[in-house]
Amino acid sequence: MADLRAELEAALPRANSRLVDLVRRTDPDRAHRTVPATPEWSVADLAAHVLTVYRRALGDRRRSSSPEETAALNATVLAETPERDLATLADLLDRDGPAGFAVLSGFPSDLSFRFHGGTRTTVTPVSSVILAEILIHGRDLAEATGAEWVIPPDEAALVLAGSSLPGPDGGPPIFSPWLKPGGEHTLAATASSDDPVGALTTFFRRTAPTTPELVALSRALRPF
């Protein structure tokens with residue numbers, strides 16, 4: 001557990017630096033392009049969304065009580081974050097990302113706190129979810145703009161391992177509300193997958209499953 005936490009804490013600033021660089025390199029004329037994976041968002045909206053994720057470690061304590069409520073909460077906090085200039089957003093991501101990571105690094109490993117979907121969790125699973133946000137939304141931004149974005153397999157594997165940990169006092173893992181009953185066991189099985197990137201993108205519905213393992217994971221997802 002300690003090693004996994006340390007690896008996630010090392011991966012977060014690396015991934016954020018890549019995302020900041022991607023946002024900075026994006027032509028401002030592409031800020032209003034629709035993101036294919038999240039057609040309700042533009043490229044600038046997507047960058048602002050990741051910023052709101054970081055700020056949930058910096059003082060925004062609102063959490064959803066169900067998966068359905070998560071989308072509504074995301075829309076609310078995004079509307080409250082009016083900045084859409086990509087250069088400014090890159091600077092804010094560069095500032096608030098590391099600040100949020102520092103807050104998380106100061107938490108005891110066994111500290112229990114609320115998370116989205118009505119669950120409770122601890123710092124290591126939350127770190128894995130934040131890393132997933134960076135990896136997946138970096139991919140989304142690149143798809144929308146024609147840029148290059150690579151999800152490192154070792155970072156995808158960290159997400160799968162961290163998000164499969166049990167919750168406090170033996171509670172369900174952090175992504176359980178997004179899975180059908182028993183689906184957490186299917187997700188946990190991907191922690192040692194030969195294709196962690198495929199497992200990650202399948203879980204977030206960015207790619208179609210290509211192996212029996214990924215088909216099983218896809219079938220374990222609740223329909224939203």
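Quick note: residue numbers are just sequence positions, from 1. Everything quoted here is computed from the prediction, not taken from an experiment.
Connectivity analysis of hydrophobic side chains (ILVMFWY, heavy atoms under 4.5 Å, direct or indirect) links V77 to L73.
Evaluation of the salt bridge (charged side-chain N to carboxylate O under 4.0 Å, His left out) rule for R205 yields no partner, not counting sequence neighbours. When the salt bridge (charged side-chain N to carboxylate O under 4.0 Å, His left out) test is applied to E9, the partners found at least two apart in sequence or on another chain are R5. With sequence neighbours excluded, no residue forms a salt bridge (charged side-chain N to carboxylate O under 4.0 Å, His left out) with D27. R33 pairs by the salt bridge (charged side-chain N to carboxylate O under 4.0 Å, His left out) definition with nothing, not counting sequence neighbours.
Note that OG1 of T34 and CG of L46 are 11.5 Å apart. Values are rounded to the nearest 0.5 Å. With rounding to the nearest 0.5 angstrom, the CZ atom of R95 is 12.5 Å from the CG atom of N16. With values rounded to the nearest 0.5 angstrom, T76 atom OG1 is found 7.0 Å from R62 atom CZ. Within the model, atoms OG1 of T210 and CG of D195 stand 6.0 Å from one another, a figure rounded to the nearest 0.5 Å. With rounding to the nearest 0.5 Å, the separation of CG in L19 from CG in L141 is 7.0 Å. Atom CD in E133 sits 11.5 Å away from atom CG in L12 (nearest 0.5 Å).
Taking hydrophobic clusters as Ile, Leu, Val, Met, Phe, Trp and Tyr residues chained together by side-chain heavy-atom distances below 4.5 Å, L78 shares a cluster with L58. Cluster annotation: F115 and F113 are assigned to the same hydrophobic cluster (Ile/Leu/Val/Met/Phe/Trp/Tyr, side-chain heavy-atom contacts under 4.5 Å, transitive). L22 and L86 fall within a single hydrophobic cluster, where Ile, Leu, Val, Met, Phe, Trp and Tyr side chains are chained together by heavy-atom contacts under 4.5 Å. Connection of L111 to L8 is established within a shared hydrophobic cluster, with ILVMFWY side chains joined at heavy-atom distances below 4.5 Å, either directly or through further cluster members.
Without hydrogens or angle criteria, D21 side chain to R18 main chain gives no donor-acceptor distance under 3.5 Å. Using a distance-only test at 3.5 Å, with no hydrogens or angles considered, no donor-acceptor pair links the side chain of T190 to the main chain of S193. Panel note: side chain T186, backbone A220; no donor-acceptor pair is recorded below 3.5 Å. Between the side chain of R222 and the backbone N or O of P177 there is at least one donor-acceptor pair closer than 3.5 Å. Formation of a donor-acceptor pair under 3.5 Å by the S42 side chain with backbone atoms of D45 is found in this model. In terms of modelled atom types and a separation under 3.5 Å, the side chain of E143 and the main chain of T145 share no donor-acceptor contact. Proximity of a side-chain donor or acceptor of S128 to a complementary backbone N or O of P125 within less than 3.5 Å is detected.
Within the 4.5 Å cutoff, no side-chain heavy atoms of F107 are placed close to those of T122. Proximity of E213 to S218: side-chain heavy atoms (C-beta onward) are nowhere separated by under 4.5 Å. V23 places a side-chain heavy atom less than 4.5 Å from the side chain of L93. R63 places a side-chain heavy atom less than 4.5 Å from the side chain of R56. A 4.5 Å side-chain heavy-atom check between V126 and I130 finds at least one atom pair inside the cut-off. Here the side chains of D110 and V123 are not in contact, with every heavy-atom distance at 4.5 Å or above. Put simply, the side chain of F204 does not reach to within 4.5 Å of the side chain of H137, judged on heavy atoms.
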> Should L92 and R55 be marked as a side-chain contact (heavy atoms from CB on, under 4.5 Å) after you check the CA-CA gap, both sets of side-chain angles, and the distance that decides it?
Replying inline: CA-CA 10 Å; L92 293 171; R55 290 179 172 175; 3.9 Å; yes

> For T52 and D60, what are the C-alpha separation, side-chain angles and deciding distance, and is it a side-chain contact (heavy atoms from CB on, under 4.5 Å)?
Replying inline: CA-CA 9 Å; T52 69; D60 184 354; over 6 Å; no

> Please walk me through it: do I134 and Y54 pass side-chain contact (heavy atoms from CB on, under 4.5 Å)?
Replying inline: CA-CA 10 Å; I134 299 170; Y54 293 163; 3.3 Å; yes

> Are T124 and S127 close enough, and set up right, to give a side-chain contact (heavy atoms from CB on, under 4.5 Å), and what steps lead you there?
Replying inline: CA-CA 5 Å; T124 299; S127 296; 5.7 Å; no

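When all heavy atoms are compared, the tightest approach of L179 to L221 is CD2-CD2, 3.8 Å. Considering all non-hydrogen atoms of both residues, A11 and L158 come closest at CB-CD1, 4.0 Å. Taking each heavy atom of A142 and W149 in turn, the nearest pair found is CB-CB, 3.5 Å. For the pair A15 and L131, the tightest heavy-atom approach, listed with the atom from each and the gap, is CB-CD1, 3.7 Å. Closest approach of R139 to R206, counting heavy atoms only: NH1-CB, 3.6 Å. For the residue pair E148 and R25, the shortest heavy atom distance occurs at O-NH2, 4.4 Å.
D91 and T88 form no side-chain donor-acceptor contact under 3.5 Å, judged by distance and modelled atom types alone. Checked by atom type, the side-chain pair H116/E69 shows no donor-acceptor distance below 3.5 Å.
At a threshold of 4.0 Å, the pair R14-E155 counts as salt-bridged, since one of the basic side-chain nitrogens sits closer than that to a carboxylate oxygen.
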Side-chain donor-acceptor distances from residues 163-171 under 3.5 Å, at least two apart:
| from | atom 1 | to | atom 2 | distance (Å) |
| --- | --- | --- | --- | --- |
| S163 | OG | V159 | O | 2.8 |
| S163 | OG | L160 | O | 3.4 |
| S164 | OG | L160 | O | 2.8 |

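Classified by interplanar angle (parallel below 30°, tilted 30° to 60°, perpendicular above 60°), the ring pair F175/F203 is tilted.
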